[in-house]
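Some notes on the structure that comes next.
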Amino acid sequence: MHANAEERHFYKPLITNDMMQEKARHGIAEHHEIDELIEKLEETDYDSSAWLKTAKDLKEKVEHHLEDEEHQFFQLSGKVFSEKEKITLATSYRKYMKENIAV
């Protein structure tokens with residue numbers, strides 16, 4: 001759910017910006033790679049050595065993605081979005097998460 005919200009309310013608005021287009025596409029692609037690793041993990045037996053390898057790959061991909069976001073995407077997007085856009089996108093993100101996460 002987090003990835004869906006982030007793609008809708010962070011990456012999608014960045015795609016139209018020349019400076020951020022490639023980074024936004026990269027972030028979305030990483031979300032899909034993470035989804036694929038999660039699916040692979042769910043389909044693999046826990047006692048298999050393949051499960052541990054996939055879990056390690058997933059951990060590395062998530063850490064890489066977070067590193068990209070924290071040290072590149074978020075900093076650059078702060079220069080791209082106006083304060084009003086930041087507030088609007090954050091509000092939309094929170095609303096989407098609230099409506100789509102079962103408690």
Side-chain angles (χ1 to χ4, degrees):
M1 193 51 54
H2 165 79
N4 288 341
E6 197 172 74
E7 287 175 21
R8 289 173 189 242
H9 305 286
F10 179 67
Y11 288 116
K12 185 178 177 184
L14 288 174
I15 285 180
T16 60
N17 181 278
D18 289 340
M19 181 175 84
M20 293 300 296
Q21 186 176 60
E22 191 58 38
K23 293 192 181 310
R25 287 182 175 162
H26 178 77
I28 292 169
E30 285 184 343
H31 281 172
H32 294 287
E33 291 169 8
I34 289 167
D35 288 343
E36 288 173 359
L37 286 169
I38 290 170
E39 284 180 31
K40 185 176 179 183
L41 199 61
E42 290 172 342
E43 295 168 357
T44 306
D45 291 331
Y46 290 117
D47 59 354
S48 162
S49 62
W51 190 93
L52 191 55
K53 165 88 171 81
T54 303
K56 183 178 177 184
D57 291 346
L58 175 60
K59 176 185 177 284
E60 290 172 0
K61 179 57 73 177
V62 169
E63 288 174 348
H64 168 81
H65 181 70
L66 293 174
E67 183 84 13
D68 280 352
E69 284 185 339
E70 291 174 8
H71 296 286
Q72 292 180 23
F73 300 165
F74 295 153
Q75 319 246 310
L76 291 171
S77 67
K79 297 175 184 177
V80 171
F81 294 132
S82 69
E83 287 305 312
K84 183 178 179 182
E85 288 172 316
K86 291 176 193 176
I87 291 168
T88 300
L89 291 170
T91 302
S92 298
Y93 172 89
R94 287 187 194 112
K95 181 179 182 221
Y96 180 87
M97 290 296 285
K98 186 176 181 179
E99 290 172 352
N100 290 284
I101 292 184
V103 183

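For the single chain, residues carry numbers from 1 onward in sequence order.
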Please assess E63 against K59 for the test side chain to side chain contact (heavy atoms under 4.5 Å, CB included), listing each intermediate value before the final yes or no. CA-CA 6 Å; E63 288 174 348; K59 176 185 177 284; 3.0 Å; yes

How long is the gap from [atom1] on [X] to [atom2] on [Y], to the nearest 0.5 Å?
X	Y	atom1	atom2	result
N4	M97	CG	CE	9.0 Å
H64	E67	NE2	CD	9.0 Å
E7	H31	CD	NE2	5.5 Å
L58	K53	CG	NZ	11.5 Å
D57	E33	CG	CD	11.0 Å
T54	K40	OG1	NZ	4.0 Å

Please name the pair of heavy atoms, one in [X] and one in [Y], separated by the smallest distance, quoted to 0.1 Å.
X	Y	answer
Y96	A5	CD2-CB, 3.3 Å
S77	F10	OG-CE1, 3.3 Å
E30	H26	OE2-NE2, 2.7 Å
R8	K12	O-CB, 3.8 Å
D45	W51	O-CB, 3.2 Å
V80	E85	O-OE1, 4.0 Å

Does the pair R25 and I28 meet the rule for a side chain to side chain contact (heavy atoms under 4.5 Å, CB included), with working shown? CA-CA 5 Å; R25 287 182 175 162; I28 292 169; 5.8 Å; no

Donor-acceptor pair, side chain of N17 and main chain of M19, under 3.5 angstrom: yes

For the side chain of Q21 and the backbone of L14, is there at least one donor-acceptor N/O pair under 3.5 Å apart?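 No, Q21 side chain to L14 backbone: no donor-acceptor pair under 3.5 Å.
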
Do [X] and [Y] sit in one hydrophobic cluster, given that two such residues count as connected whenever their side-chain heavy atoms are within less than 4.5 Å of each other, even indirectly?
X	Y	value
I34	L52	no
F74	F81	yes
L89	I87	no

Quick one: sort the H2 and Y93 rings into parallel, tilted or perpendicular, breaks at 30° and 60°.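 H2 and Y93: perpendicular rings.
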
Inspect the surroundings of NZ in K86 and state if more than 12 heavy atoms from other residues, nucleotides or ligands are less than 6.0 Å away.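 Yes, NZ of K86 has more than 12 neighbouring heavy atoms, counting only those of other groups under 6.0 Å.
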
Applying side chain to side chain contact (heavy atoms under 4.5 Å, CB included) to H65 and E69, what does each step give before you reach the verdict? CA-CA 6 Å; H65 181 70; E69 284 185 339; 2.9 Å; yes

Could you tell me if the side chain of K95 sits less than 4.5 Å from the side chain of K98, heavy atoms only?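 The answer is no; the side chains never approach within 4.5 Å.
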
